[in-house]
Number of protein chains: 2
Amino acid sequence: MTEPALATLTRLRTACSQCNLRELCLPVGLSADELETLDNLVSTRRKIRRGDSLFYGGEPFSALYAVRYGFFKSTLTSGDGREQVTGFYMAGELLGMDGIGGDRHTCTLTALEDSEVCVMPFARVEDLSREFEPLQRHFHKVLSREIVRDQGVMLLLGSMRAEERLAAFLVNLSQRLTARGFSASEFVLRMTRDEIGSYLGMKLETVSRLFSRFQEDHLIEVHQKHVRILDIGGLKRVMAQAQGAA
Amino acid sequence: MTEPALATLTRLRTACSQCNLRELCLPVGLSADELETLDNLVSTRRKIRRGDSLFYGGEPFSALYAVRYGFFKSTLTSGDGREQVTGFYMAGELLGMDGIGGDRHTCTLTALEDSEVCVMPFARVEDLSREFEPLQRHFHKVLSREIVRDQGVMLLLGSMRAEERLAAFLVNLSQRLTARGFSASEFVLRMTRDEIGSYLGMKLETVSRLFSRFQEDHLIEVHQKHVRILDIGGLKRVMAQAQGAA
DNA sequence: CCCCGCGCTTGACGGGGATCAAGCGGAAAA
DNA sequence: TTTTCCGCTTGATCCCCGTCAAGCGCGGGG
């Protein structure tokens with residue numbers, strides 16, 4: 001079966017099977033053959049400039065998004081205007097799953113640097129999931145992992161002290177960057193102290209003070225947004241210092 | 001097509017279409033016809049005595065569970081032995097979704113009173129989801145709502161003060177009990193102060209003190225595990241008293 | 001029936017982190 | 001290049017809630 005040349009180009013340009021993120025993104029674990037089935041999962045790509053939002057809380061839900069490059073934060077706004085950062089997302093991670101349950105997005109996704117996402121219309125995700133068992137299985141895993149991730153943050157917020165939380169945050173960031181081929185020990189924070197603080201349930205001054213203390217303790221070197229991890233083992237020790245362990 | 005009488009009995013006994021929770025549970029929103037398709041979703045039922053666990057963190061994952069009656073808590077244990085209550089579950093709510101992503105459960109589910117669950121082998125859930133679009137759609141919604149719920153708890157833990165958190169907890173409990181036909185204003189807590197405190201990121205003494213203060217303020221009457229809500233509007237006001245609202 | 005123990009309440013005190021405040025410095029714009 | 005502003009750092013102080021401690025009361029078992 002043939003298709004117009006332009007359509008072929010478009011399909012190939014957005015094809016999962018050609019994407020260098022296929023080891024991280026939705027198709028992870030699928031064979032090359034299976035991968036081709038996904039090649040019409042992505043309808044288009046969309047660029048979002050730093051500071052702009054991919055979607056806002058309250059907007060109708062229609063698609064999931066995979067980060068191709070860039071960096072996002074998700075924020076939740078409570079009835080009384082409080083804002084909480086609920087997550088940070090980088091290449092290969094999936095956005096928008098909060099919207100499935102109520103047909104509207106509950107959180108706002110904002111780019112912290114110029115970014116690009118693959119747009120996957122949700123109806124298409126569900127259609128393909130029904131036809132193609134490996135995709136269904138994998139999609140369920142991705143949803144479940146988001147639940148587990150959120151529960152991990154609950155553990156962090158509910159039972160750890162500020163310095164433990166920040167250490168855990170740095171270790172997690174380092175691990176995710178490593179998985180993407182970046183340096184595990186040196187990186188540039190894309191978010192402000194205020195955003196880190198919101199995510200970790202503390203004030204920006206506390207974040208700043210703790211960065212300084214970690215530096216004094218030779219765990220990290222920090223200069224504004226540049227962070228170098230000097231002693232990852234030390235950070236892990238800080239993060240596990242359950243003093244009031246139940 | 002006929003089936004042995006015993007099989008018919010078993011099927012009917014565990015049939016979603018006959019269950020008085022069908023308005024709350026997985027089948028919500030399905031028509032009577034559609035419901036019958038689900039009647040072989042549930043393989044068996046399982047009773048769990050107060051204090052016993054349905055599954056433990058680390059155990060292999062094989063099935064999802066729907067609470068038929070009773071009350072559960074889910075707990076997460078971190079590497080260093082800290083324990084955090086990540087949720088409370090009552091009739092009609094789904095358990096075990098944390099296990100899908102890694103083929104093992106990450107949290108432990110413990111009955112806080114004698115309880116019964118419907119066992120839904122996950123392979124069967126996925127098979128039926130592929131054949132039956134309304135189930136697929138609904139199952140995705142349930143997963144997504146769990147994500148949204150968890151993010152709500154993150155907001156609570158990350159940006160609210162202790163009294164706001166406890167008020168939010170009481171309002172939420174009241175609403176869920178109302179949806180199940182129980183009194184909105186009078187109920188018996190199934191969990192201890194310690195468990196409430198763990199869930200809300202505070203110590204049991206703080207929970208106790210706040211209960212006492214709410215009582216002084218004529219918001220509730222509390223006597224051990226018996227709680228009567230006197231002023232739900234007042235509780236909602238406490239919960240929204242964003243003083244440090246960003 | 002009484003006793004025992006667990007879970008709850010309440011008080012006193014201290015500390016971790018919030019709040020208020022001032023000044024710095026780097027990045028982006030002119 | 002200079003200017004400007006936002007984000008970061010650091011200090012001083014305060015207070016919410018954790019910690020430690022003591023005692024109560026209900027429910028279960030002997």
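All chains are named by letter (A, B, ...) in the order of the sequence lines, taking the proteins before the strands, and each is independently numbered beginning at 1. Predicted model, so just to flag it, every value in this text is computed and none were measured.
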Rounded to the Å, how far apart are [X] [atom1] and [N] [atom2]?
| X | N | atom1 | atom2 | result |
| --- | --- | --- | --- | --- |
| A:L189 | D:dT9 | CG | P | 10 Å |
| A:K203 | D:dC8 | NZ | C1' | 16 Å |
| A:L166 | D:dC8 | CG | P | 13 Å |
| B:I196 | C:dG7 | CD1 | C1' | 12 Å |
| A:H226 | C:dA27 | NE2 | P | 6 Å |
| B:E163 | D:dC16 | CD | P | 9 Å |
| B:M202 | C:dC8 | CE | P | 15 Å |
| A:R161 | D:dC17 | CZ | P | 17 Å |

Side-chain ([X]) to main-chain ([Y]) donor-acceptor, under 3.5 angstrom:
| X | Y | value |
| --- | --- | --- |
| B:E93 | B:M90 | yes |
| B:R193 | B:Q224 | yes |
| A:S198 | A:V85 | yes |
| A:R104 | A:G58 | yes |
| A:S174 | A:S185 | no |
| B:R190 | B:F71 | no |

Open item on the list: So if I take residues 204-211 of chain B and measure heavy-atom distances to DNA chain C, which residues fall below 4.0 Å?
Closed with: B:L204, B:E205, B:S208, B:R209
- [ ] Starting from the 5' end of DNA chain C, give me the residue, A:Q224 or A:R213, whose nearest nucleotide shows up first.
- [x] A:R213
TODO: Look at all strands and tell whether A:G197 reaches a base, only sugar-phosphate, or nothing, counting heavy atoms closer than 4.0 Å.
DONE: nothing
Open item on the list: Please pick, from C:dC8, C:dT10, D:dT9, the nucleotide with the shortest atom-to-atom distance to any side-chain atom of B:S212.
Closed with: C:dT10
TODO: Could you label the plane-to-plane angle of the A:H105 and A:F55 rings as parallel, tilted or perpendicular, counting under 30° as parallel and over 60° as perpendicular?
DONE: parallel
Task: Phosphate-side-chain proximity, B:K225 and C:dG7, N/O vs OP1/OP2 below 4.0 Å - done: no
